[in-house]
Amino acid sequence: MTDYRSKVPLHRYPDTLAEQEAVLASHPMMERLARSRTFLAENRHRPVYHYVNPEGTLNDPNGLCRWQGRWHLFYQAYPPEDPRQHWGHAVSEDLIHWRDLPYCIYPDPERCCFSGATLVEDDRVIAMYHGTEAGNMVAVSSDPLLLNWSKVGDAPVIPMAGPDDPPLPYRVFDPCIWKHGENYYSLSAGQVPEGPGGMPVAADFLFRSDDLQHWEYLHPFTEDDRFTRVGDDGACPYFWPIGDKHVLLFFSHMSGGQYLLGDYDTNRQRLVVTGAGKFNMGPVKPCGVHAPSATPDGRDVVVIFNMNPGKPSAGWNQIMSLPRRLSLGDGDELLQEPVEAVASCRQSRLGGRPQSLPANREVVLDDLSGDALEIRAVIAPSAASMVELNVLRSPNREEVTRIAFYRDRGYRDTVLRRHHIASLVTLDTSYSSSASDVSSRAPETAPVRLGTEEPLELRVFVDKSIVEAFVNGKQCVAARVYPDRADSTGISFRSQGRASEITELDVWEMGSIY
């Protein structure tokens, strides 16, 4: 049997918070992570208020949760002395300012620790994740900072089929976990050949257990899914209540992060799908939104994504999005806004004031610029065919990233709001970089519902190599960008066809979260 024990030093930590903090204050792993973070900090495209792991690259975020008053973020990390996936770890008081912690879940008996989710109970946190070449694993922790983890049974609890075994009626891959009544339930990601012409479509396979170690396969979980595309799969699932519905967030290796919304039939243990949407409006790569990690927060759900690169970055690669708060609006519309604590990153207000935007003329804000900013702009309803906000703009537009809003230019909603036509928001990074080693991403265009007299409210977050644009707390488009010029820091607006009015404008310089 192959020995998959990690080459990363494994430490056992004390069981009280005071003792843990005392050990971490001079721990060699913590000193190593701090040195690496300092060394990489000067990289031009490394964000300052979006989380980036301290050393090496990263992949999916995992197991986002709140335990004993603190938020914990886990992620697929690649330690330099053993670059197989381990679970990296960071802790936060507010979901924005993160403190690195040592690697926490190591491979063995699995080859690599892939993606998974957590379930918080009164006395412990349960992590369920995919262990490659073994199966789905369960580990538990109960100490204050979730530093010490023990694997249930020291073996996969949902094993993969062996080479001489008959094929399984399900795929063993990325899992999530929740509890209903006295039983634990888990999804295992995959596909079923039930699309047109027998082509594959997304599926998540449901399991049940009363002890975390012995699991019974039940059936595919979703019902009436007419929303996902042929070729999608249901990787990185997270299933949680939201409002009076349930939401299943997942990642498709073909088309990125998305969600299904529906009713949880607890008698039949099915999710009856009633709606859906996407967090990624194009292919997964380059530069797009990747996989979610989500956790409930009362009636809401908090989610964070990793963001794919579009340029080689020595010593690091992917980054995390801002954490988003998801909630349900009228007509079961999924609303998205950044978590409240992002405002604590505002270092200083650079300026901004109400002003008119004449038709067909770019208005450059000569006194406002930067590459780590929050911009909030409220624009009164107008008959302009397009309103545009440009960021990371060089003086002559050799490089520029565009956020364009098209009122009432989307599809007609014949289901929830008859005769209502959606608006569209586009994040266009086509001219964000003039560098030869940057891969361009096709423009991201997403629908957003605005009332006839509802102003447009943009909250745009610019952070070195990422732009996230939130629209009226209802929609978000995000992508990685890599301006190459030192002077690509400008801001401008444009109102096409007819004039518009900016009624509120604030621009803040943003500080580091570390």
Side-chain angles (χ1 to χ4, degrees), residues 1-2 4-5 62-63 65 67 74 85 87 104-143 146 148-192 203-223 233-241 246 248 250 264-271 295-296:
M1 186 173 181
T2 305
Y4 284 137
R5 285 176 294 181
N62 301 139
C65 65
W67 166 250
F74 306 95
Q85 288 91 332
W87 270 29
C104 63
I105 299 181
Y106 288 45
D108 186 39
E110 68 273 27
R111 183 179 184 275
C112 301
C113 301
F114 268 28
S115 289
T118 54
L119 174 65
V120 176
E121 297 189 314
D122 290 340
D123 59 346
R124 64 181 178 177
V125 176
I126 302 165
M128 192 168 190
Y129 65 95
H130 182 60
T132 64
E133 301 183 20
N136 288 352
M137 311 286 297
V138 170
V140 295
S141 178
S142 58
D143 64 82
L146 301 181
N148 304 311
W149 291 82
S150 300
K151 297 183 182 180
V152 172
D154 294 320
V157 297
I158 302 178
M160 302 174 72
D164 299 323
D165 294 336
L168 298 170
Y170 50 81
R171 186 182 182 193
V172 182
F173 196 49
D174 296 345
C176 70
I177 182 171
W178 71 94
K179 194 171 187 180
H180 178 73
E182 297 301 313
N183 291 310
Y184 296 98
Y185 291 88
S186 175
L187 300 181
S188 183
Q191 295 175 317
V192 291
D204 285 287
F205 303 100
L206 182 66
F207 294 80
R208 179 173 58 203
S209 173
D210 60 6
D211 63 0
L212 294 178
Q213 187 167 358
H214 303 92
W215 292 83
E216 170 194 11
Y217 172 61
L218 299 179
H219 47 68
F221 185 54
T222 57
E223 184 174 276
D233 62 336
C236 303
Y238 288 85
F239 179 65
W240 296 119
H246 276 69
L248 174 59
F250 64 97
Y264 181 21
D265 184 336
T266 56
N267 293 321
R268 297 188 303 124
Q269 287 299 326
R270 301 267 188 179
L271 175 64
T295 191

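From a predicted model like this one, the values you see are computed outputs, not experimental measurements. Only heavy atoms go into these numbers, but all of them, side chains included; no hydrogens, no water, no symmetry mates.
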Pair up each side-chain donor or acceptor in residues 174-181 with any protein partner under 3.5 Å, not counting sequence neighbours, and list the distances.
residue : atom : partner : partner atom : Å
Asp174  : OD2  : Cys236  : N            : 3.1
Trp178  : NE1  : Tyr264  : OH           : 3.1

**Asked** Got a sec, which residues hit salt bridge (charged side-chain N to carboxylate O under 4.0 Å, His left out) with Arg5, two or more places apart in sequence or on another chain?
**Response**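 With sequence neighbours excluded, Arg5 shows a salt bridge (charged side-chain N to carboxylate O under 4.0 Å, His left out) to Asp3, given in chain and number order.
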
**salt bridge (charged side-chain N to carboxylate O under 4.0 Å, His left out) involving Asp265 - partner list, sequence neighbours excluded** =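 In terms of salt bridge (charged side-chain N to carboxylate O under 4.0 Å, His left out), with neighbours along the sequence ignored, Asp265 is linked to Arg268.
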
Heavy-atom pair with the smallest gap, counting every atom of [X] and [Y]:
X	Y	value
Thr295	Trp240	CA-NE1, 3.7 Å
Trp87	Ala127	CZ3-CB, 4.0 Å
Ala189	Gly234	CB-O, 3.0 Å

**Message:** Checking Met128 against Leu119 for the side-chain contact (heavy atoms from CB on, under 4.5 Å) test, could you report, in this order, the C-alpha distance in whole Å, the side-chain angles of both residues, the deciding distance, and whether it holds?
**Reply:** CA-CA 8 Å; Met128 192 168 190; Leu119 174 65; over 6 Å; no

**Request:** Sort and list the pairs that fulfil side-chain hydrogen bond (donor to acceptor under 3.5 Å, both in side chains) and have at least one residue in residues 113-129, not counting sequence neighbours.
**Result:**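 For residues 113-129, and leaving out neighbouring residues, the side-chain hydrogen bond (donor to acceptor under 3.5 Å, both in side chains) pairs sorted by first residue read Asp60-Ser115, Asn62-Ser115, Gln76-Ser115, Glu110-Tyr129, Glu121-Arg124, Glu121-Tyr184, Arg124-Tyr184, Tyr129-Lys151.
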
**Request:** Report yes or no: does Arg171 contribute a side-chain atom to a donor-acceptor pair with the main-chain N or O of Val192 at less than 3.5 Å?
**Result:**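 Checking the backbone N and O of Val192 against the side chain of Arg171, no donor-acceptor pair under 3.5 Å is found.
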
**Asked** Okay, side chain of Ser209, backbone of His214: is any donor-acceptor separation there less than 3.5 Å?
**Response**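 Side chain of Ser209 to backbone of His214: a pair is present.
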
**Asked** Taking C-beta and beyond as the side chain, do Ser188 and Asn136 meet within less than 4.5 Å on heavy atoms?
**Response**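 When only atoms from C-beta onward are counted, Asn136 and Ser188 do touch, with a gap below 4.5 Å.
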
**Item:** Leu206 side chain reached by Tyr170 side chain, heavy atoms, under 4.5 Å
**Value:**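 Of all side-chain heavy-atom pairs linking Leu206 with Tyr170, none is under 4.5 Å.
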
**Request:** Enter the distance from Leu168:CG to Phe205:CZ here, rounded to the nearest 0.5 Å.
**Result:**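 Result: 10.0 Å between the selected atoms.
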
**Request:** Just jot down the side-chain contact (heavy atoms from CB on, under 4.5 Å) partners of Thr132, sequence neighbours excluded, or say none.
**Result:**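 Result, side-chain contact (heavy atoms from CB on, under 4.5 Å) vs Thr132: Arg111, Cys112, Phe114, His130.
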
**Prompt:** With sequence neighbours excluded, what pairs up with Ser141 under the side chain to side chain donor-acceptor pair (under 3.5 Å) test?
**Reply:**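 Checked Ser141 against side chain to side chain donor-acceptor pair (under 3.5 Å); matches are Asp143.
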
